[in-house]
*Asks:* 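Please find one structure pasted underneath; my questions will follow.
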Amino acid sequence: MCSGSCFQHCISLLKGCKSLKNLTQIQAYASKTGLHNHRFILGQLLLLSSVSIADAIEHACRLFSHIPSPDAFMYNTLIRGLSESQAPRHSLLLYAQMRRRFLLPDSFSFAFILKAAANSRSLHTGTQLHCQALALGLDTHLFVRTTLVSMYAECGEIHHAHKAFDETPQPNIVTWNAIVTACFRCDDVEGAESLFDRMPWRNLTSWNLMLAGYMKAGKLEQARTTFKAMPPQKDPVSWSTMIVGFAHSGCSDEAFGFFRESHKMGTRPNGVSLTGVLSACAQTGAFEFGKILHCYIQKAGYDHIVSVSNALLDTYAKCGNIDMAGLVFHWMMEKKSIVSWTSMIAALAMHGHGEEAIQLFHEMEGSAVRPDGITFISVLYACSHAGLIEQGSEHFSKMIEIYGIEPTVEHYGCMVDLYGRAGLLDRAYELVMGMSVEPNTVIWRTLLGACSIHGNVLLAEQVKERLSELDPNNSGDHVLLSNIYAVAGEWSNVAAVRRSMTKQKIKKTPGWSTIEVEKVVYSFIAGDGPNGVTEEALEKLREIMLKLKLEGYVPEIGSVLHDIEEEEKEDAVSRHSEKLAVAFGLARLCEGSMIRIVKNLRVCKDCHTVMKLISKVYGREIVVRDRSRFHLFRQGSCSCRDYW
DNA sequence: GCGATCCTTT
């Protein structure tokens, strides 16, 4: 018993529908008023769940499966939704079903299904679909043509993309934008520039895609220049492209700057700009700023966006706060994506909680989310940092045999680290020699690091030789080898390495550390000239060292590069950037608050000892994030159990 | 009654 007013009411409900919960209520209403089989209503429900509402695609599939004989509109809608989903290939199956039922695909169908081919990077499928469109006379349709241009580019066939564009009789602005994007996709920056110059019209998207293209190509200055040159009416995409681009290239200050600037210009942050600025916080360890962003995200409701919550989780983890990372993870409830699981496993691993990381991985195996190769990198990393050798080997085999994931050089890197760090250098070397992919510099460098920990001079020399072939100018490798000689007391070899470094004009990568005090990030560089904060830190450091020596501290100078006088060596170690940062923190941060430091290189043995002592003598908790993990110093010991 | 091009975390 459905009246016209019920129908009208249902339509107005559909117009205001914003969430899945909302949609379910409307479905219940439709059912109650006998409208649940009304084809128009069904079509709108399908459109909402497939396209408009995030993460509702499964609901859409269920709805679709109950529709007796779906029409072309319904097929197109679900194909569209699936083509943007995690599994774009499913939409190809649906397209096949549509054809089996003798429903004629139209220009809409091809625009959506070609997108699925693009998203699954399947040139074969894309080409076949192109042929079918041709047979149906739909390949000249402007919307189809534009999608063809981007499909070919996405599948790496730039020539076909150009051909599709050149054969378009009257390309419009969107077609032009598509071909410029296509050039950037295929790393042809000059091609993109020359087409951009020849464009008969430009809209905001044209400018935005230039920004994105430059950013992706690592041409940061060109992006900045373009940003200045474009019309002043920027949109949230323009701003987020800049923020994400700089953050991605490691230029956190620039990312923060653009974020603040966009705020000043009255542009509200969006999900994308928030992930960008959070990633900048994660890089620099800006914990306080991260917390402020968290408040804003919750208040404005951005925590429903999975990528934002994931970025927040990662920020807390990389700022040393594993508990907050865990809370964000749990708040995500059933919305956890593969990235959320992987990030949380990595977070636990970074903090040395290897057993918990593996436990979480097992929990993940029981969930609906299937682990991928990146998840296994986190798992193996967890094993290597916690010294779980057998667990690591088992998971490595499991990945290949049960999950059918081919190991990449990153997986081997974790395994070499696992064996090498544990002192099983032969097993590590054996693995490297039997790798199914060519070992790269990272692999050899990991092995060299293991030689350094375990003082294996012979293997180190062999490994360094391979590194010199692949990457002769890397300062870290020279420094590591020279440290190995130094520890072994082979001073003539130390001197030889130093001479060759001078001859090849190789400079040591300067170590830096950062610390956030009252939402300002201060950075310290080893051997930096005098400036305000360095002076302040040095003065405090002298006081600390004196106190520690009274407690029986003896400097460890094994990691000093050259054979110099003992006192001089001590001086060099005592100015390491992390010591300056911790001293600055002790001087400036209020009593009882945690000291958080981020360092670009691995923390040295002496600094590690000093941190442990400070945590005991001064009764302070110190968190140091170095190049590879976290160290939590508390009451004289470190969370890494001196295994790093 | 849907459409095509730009920014998303591990």
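A note on names: the letters A, B, ... follow the listed sequences, proteins ahead of strands, and every chain is numbered from 1. These numbers come from the heavy atoms of this one structure, side chains and all, not from hydrogens, waters or symmetry mates.
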*Asks:* Quick one: which of B:dA4, B:dT5, B:dT8 gets closest to the side chain of A:Val244?
*Replies:* B:dT8
*Asks:* To the nearest Å, how far apart are A:Tyr214 OH and B:dC7 P?
*Replies:* 15 Å
*Asks:* Answer with base, sugar-phosphate or nothing: what part of the nucleic acid does A:Ala212 contact at a heavy-atom distance below 4.0 Å?
*Replies:* sugar-phosphate
*Asks:* Whole-Å distance between B:dG3 P and A:Phe110 CZ?
*Replies:* 18 Å
*Asks:* Classify A:Ser343 by what it touches in the nucleic acid, base, sugar-phosphate, or nothing, heavy-atom distance under 4.0 Å.
*Replies:* sugar-phosphate
*Asks:* Mind checking A:Ile374 for me? I need base, sugar-phosphate or nothing, with any heavy atom below 4.0 Å counting as a touch.
*Replies:* base
*Asks:* Verify the stacking flag for A:Phe112 against B:dG3: centroid separation must be under 5.5 angstrom and the ring planes must differ by under 30 degrees.
*Replies:* no
*Asks:* Would you say A:Glu410 and A:Tyr381 are linked by a side-chain donor-acceptor pair, where the criterion is simply a distance under 3.5 Å?
*Replies:* no
*Asks:* Of all the choices, B:dT10, B:dC7, B:dT9, which nucleotide is nearest to the side chain of A:Asn270 once you look at every atom?
*Replies:* B:dC7
*Asks:* So if I take every side-chain heavy atom of A:Thr275 and compare against B:dG1, B:dT9, B:dT5, which nucleotide ends up nearest?
*Replies:* B:dT9
*Asks:* What integer distance in Å separates A:Tyr152:OH from B:dT5:P?
*Replies:* 16 Å
*Asks:* Would you say the ring centers of A:Phe196 and A:Trp176 fall short of 6.0 Å from each other?
*Replies:* no
*Asks:* Using only heavy-atom distances, decide whether a donor-acceptor pair under 3.5 angstrom links the side-chain of A:Thr147 to the base of B:dA4.
*Replies:* no
*Asks:* By nearest atom, which of the nucleotides B:dC2, B:dG3, B:dC6 is closest to the A:Phe143 side chain?
*Replies:* B:dG3
*Asks:* Examine A:Arg268 relative to A:Tyr302 and say whether NZ or CZ is less than 6.0 Å from the centre of the six-membered ring and inside a 45° cone about the ring axis.
*Replies:* no
*Asks:* Apply ring pair (Phe, Tyr, Trp, His ring centres under 6.0 Å) to the pair A:Phe108 and A:Tyr75, showing each step before the final yes or no.
*Replies:* CA-CA 10 Å; A:Phe108 290 93; A:Tyr75 269 103; over 10 Å; no
*Asks:* Should the side chain of A:Ser240 and the base of B:dC7 be counted as holding a donor-acceptor pair, with the cut-off at 3.5 Å?
*Replies:* yes
*Asks:* How is A:Arg202 classified with respect to the nucleic acid when contacts are heavy atoms under 4.0 Å: base, sugar-phosphate, or nothing?
*Replies:* nothing
*Asks:* Before accepting this row, confirm whether a basic side-chain N of the pair A:Glu365/A:Lys398 lies closer than 4.0 Å to the acidic partner's carboxylate O.
*Replies:* yes
*Asks:* Students often get this wrong, so: under 4.0 angstrom with heavy atoms, is A:Ser238 touching a base, only sugar-phosphate, or nothing?
*Replies:* nothing
*Asks:* Atom CG of A:Leu142 to atom P of B:dA4: distance rounded to whole Å?
*Replies:* 12 Å
*Asks:* Are A:Asp106 and A:Ser109 close enough that a side-chain donor and a side-chain acceptor fall under 3.5 Å?
*Replies:* yes
*Asks:* Please determine whether any donor N or O and acceptor N or O are separated by less than 3.5 Å between the side chain of A:Asn177 and the base of B:dA4.
*Replies:* no
*Asks:* Would you indicate what A:Thr77 reaches in the nucleic acid, counting non-hydrogen atoms under 4.0 angstrom: base, sugar-phosphate, or nothing?
*Replies:* nothing
*Asks:* What is the distance, rounded to the nearest whole Å, between atom CH2 of A:Trp341 and atom P of B:dT10?
*Replies:* 19 Å
*Asks:* Could you check which of B:dC7, B:dT5, B:dC2 has an atom nearest any side-chain atom of A:Ala178?
*Replies:* B:dT5
*Asks:* Counting the benzene-type ring for Trp, do A:His395 and A:His362 have ring centres under 6.0 Å apart?
*Replies:* yes
*Asks:* What's the closest nucleotide to the A:Asp71 side chain, out of B:dA4, B:dG1, B:dT8?
*Replies:* B:dG1
*Asks:* Once you round it to whole Å, what is the distance between C1' of B:dT5 and NE2 of A:His162?
*Replies:* 15 Å
*Asks:* From the options B:dT8, B:dC7, B:dG3, select the nucleotide whose nearest atom is closest to the side chain of A:Val237.
*Replies:* B:dC7
*Asks:* So does A:Ser307 reach the base of B:dT8 with its side chain, donor to acceptor, closer than 3.5 Å?
*Replies:* yes
*Asks:* If you compare every side-chain N and O of A:Arg145 against the phosphate oxygens of B:dA4 (OP1, OP2), does one of them come in below 4.0 Å?
*Replies:* no
*Asks:* What contact category does A:Gly43 fall into here, base, sugar-phosphate, or nothing, at under 4.0 angstrom with non-hydrogen atoms?
*Replies:* base
*Asks:* What is the distance, rounded to the nearest whole Å, between atom CE of A:Met332 and atom P of B:dT10?
*Replies:* 13 Å
*Asks:* Consider the side chain of A:Thr175, meaning its heavy atoms from C-beta on, and name the nucleotide among B:dA4, B:dC7, B:dG1 that approaches it most closely.
*Replies:* B:dA4
*Asks:* Using the side-chain heavy atoms of A:Val339, tell me which of these nucleotides is nearest: B:dT5, B:dG1, B:dT10.
*Replies:* B:dT10
*Asks:* Name the nucleic acid region contacted by A:Asn203, choosing base, sugar-phosphate or nothing; use a 4.0 angstrom heavy-atom cut-off, strictly under.
*Replies:* nothing
*Asks:* May I ask you to evaluate whether A:Lys115 reaches the phosphate of B:dG3, defined as a side-chain N or O under 4.0 Å from OP1 or OP2?
*Replies:* no
*Asks:* To the nearest Å, give me how far apart CG (A:Leu14) and P (B:dC2) are.
*Replies:* 13 Å
*Asks:* Among B:dG3, B:dA4, B:dG1, find the nucleotide with the atom closest to the side chain of A:Asn172.
*Replies:* B:dA4
